[in-house]
*Asks:* 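Here's a structure for you.
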Amino acid sequence: SESGVRALALSNLTAAMRRIYIEREALGKTLSDTSSLVQNVGVMVGFILGVITAFISLGIFKIDVASLWLLMSSAMLAFAFVFGTTASVMFRTLVMIFITNPFSVGDWLKIGEQVGGGPEIVRIKELGLNFFVVENYWGEAIYIPAVKILD
């Protein structure tokens with residue numbers, strides 16, 4: 001009876017170690033993908049701060065900033081019409097990944113429809129601002145637009 005308890009304890013220990021390894025591997029992948037997202041957000045914030053610094057610098061040297069601001073605001077309005085949907089999707093993706101966090105790298109999802117009619121089951125490999133890289137049952141990498149996952 002004692003050897004059965006040892007075997008049971010050893011099998012439980014082995015199963016627990018496997019679970020810990022799998023969870024740590026998924027956490028490592030999530031952190032590496034999150035760092036690339038943070039880098040992208042850092043580039044966007046750096047660009048915005050650079051533009052603000054340029055306007056302040058021009059104002060210090062008594063250059064007419066009002067006419068330059070009119071030109072820049074017109075260009076930003078045009079970009080808002082052209083890239084508004086993309087910016088909206090990127091913002092929603094950032095909120096989903098960093099605040100709500102419904103899934104992470106290594107999780108399995110049911111998405112879309114297969115040819116046979118049921119949902120396709122995929123595993124998340126990489127999270128991005130515009131698309132997610134998933135892997136289907138056969139190991140094929142599939143790029144899914146973030147808007148499909150968000151909706």
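Computed from a predicted model, the values in this text were never measured in an experiment.
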*Asks:* Answer yes or no: is there a side-chain heavy-atom contact under 4.5 Å between N136 and E120?
*Replies:*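 With C-beta onward as the side chain, the pair touches.
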*Asks:* Of all the heavy-atom pairs spanning Y143 and P145, show the shortest one and how long it is.
*Replies:*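 Nearest pair, atom of Y143 first, then P145: O-CD, 4.0 Å.
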*Asks:* Atom CD1 in I121, atom NZ in K110: separation rounded to 0.5 Å?
*Replies:*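 Spacing of CD1 (I121) from NZ (K110) equals 5.5 Å.
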*Asks:* Are L94 and I48 linked, directly or through intermediate hydrophobic residues, by side-chain heavy-atom contacts shorter than 4.5 Å (ILVMFWY only)?
*Replies:*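 Per the 4.5 Å side-chain linkage, I48 and L94 are not co-clustered.
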*Asks:* Nearest 0.5 Å please: distance from the CG atom of D64 over to the CG atom of L58.
*Replies:*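 With rounding to 0.5 Å, CG (D64) is 10.0 Å from CG (L58).
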*Asks:* With side chains defined as the heavy atoms from C-beta onward, is the minimum distance between F47 and V51 less than 4.5 Å?
*Replies:*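 With C-beta onward as the side chain, the pair touches.
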*Asks:* Roughly how far, to the nearest 0.5 Å, is CG of L68 from OG of S73?
*Replies:*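 Atom-to-atom, S73:OG and L68:CG are 9.5 Å apart.
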*Asks:* Is any side-chain heavy atom of M72 closer than 4.5 Å to one of F55?
*Replies:*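 Result yes, sub-4.5 Å side-chain heavy-atom pair found.
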*Asks:* Is the shortest heavy-atom distance from the side chain of L127 to the side chain of V105 under 4.5 Å?
*Replies:*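 They are in side-chain contact.
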*Asks:* Answer yes if I111 and F131 sit in the same cluster of Ile, Leu, Val, Met, Phe, Trp and Tyr residues linked by side chain heavy atoms under 4.5 Å apart, and no otherwise.
*Replies:*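 No; tracing contacts between hydrophobic side chains, which count when under 4.5 Å, never links both residues.
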*Asks:* Measure the CG-CD1 distance between N130 and I144 for me, rounded to the nearest 0.5 Å.
*Replies:*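 Here the interatomic distance stands at 14.0 Å.
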*Asks:* Is any side-chain heavy atom of F103 closer than 4.5 Å to a side-chain heavy atom of M96?
*Replies:*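 Contact flag for F103/M96 side chains = yes.
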*Asks:* With side chains defined as the heavy atoms from C-beta onward, is the minimum distance between D107 and R123 less than 4.5 Å?
*Replies:*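 In short, these two side chains do not touch, never coming nearer than 4.5 Å.
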*Asks:* Can you see which heavy atom on A146 is nearest to which on T93, and at what distance?
*Replies:*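 That would be CB-OG1, 3.6 Å.
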*Asks:* Transitively linked via ILVMFWY side-chain contacts under 4.5 Å: L71 with I56?
*Replies:*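 No, because L71 and I56 fall into different hydrophobic clusters, even though each may have its own neighbours under 4.5 Å.
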*Asks:* Kindly give the heavy-atom pair with the smallest separation between A141 and V133, and that separation in Å.
*Replies:*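 Minimum heavy-atom separation between A141 and V133: CB-CG1, 4.4 Å.
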*Asks:* Can you check whether M76 reaches W69 side chain to side chain, under 4.5 Å on heavy atoms?
*Replies:*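 Counting from C-beta outward, M76 and W69 do come under 4.5 Å.
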*Asks:* Would you compute the distance between atom CG of L129 and atom CZ of R92 and round it to the nearest 0.5 angstrom?
*Replies:*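 Nearest 0.5 Å value for the CG-CZ distance: 13.5 Å.
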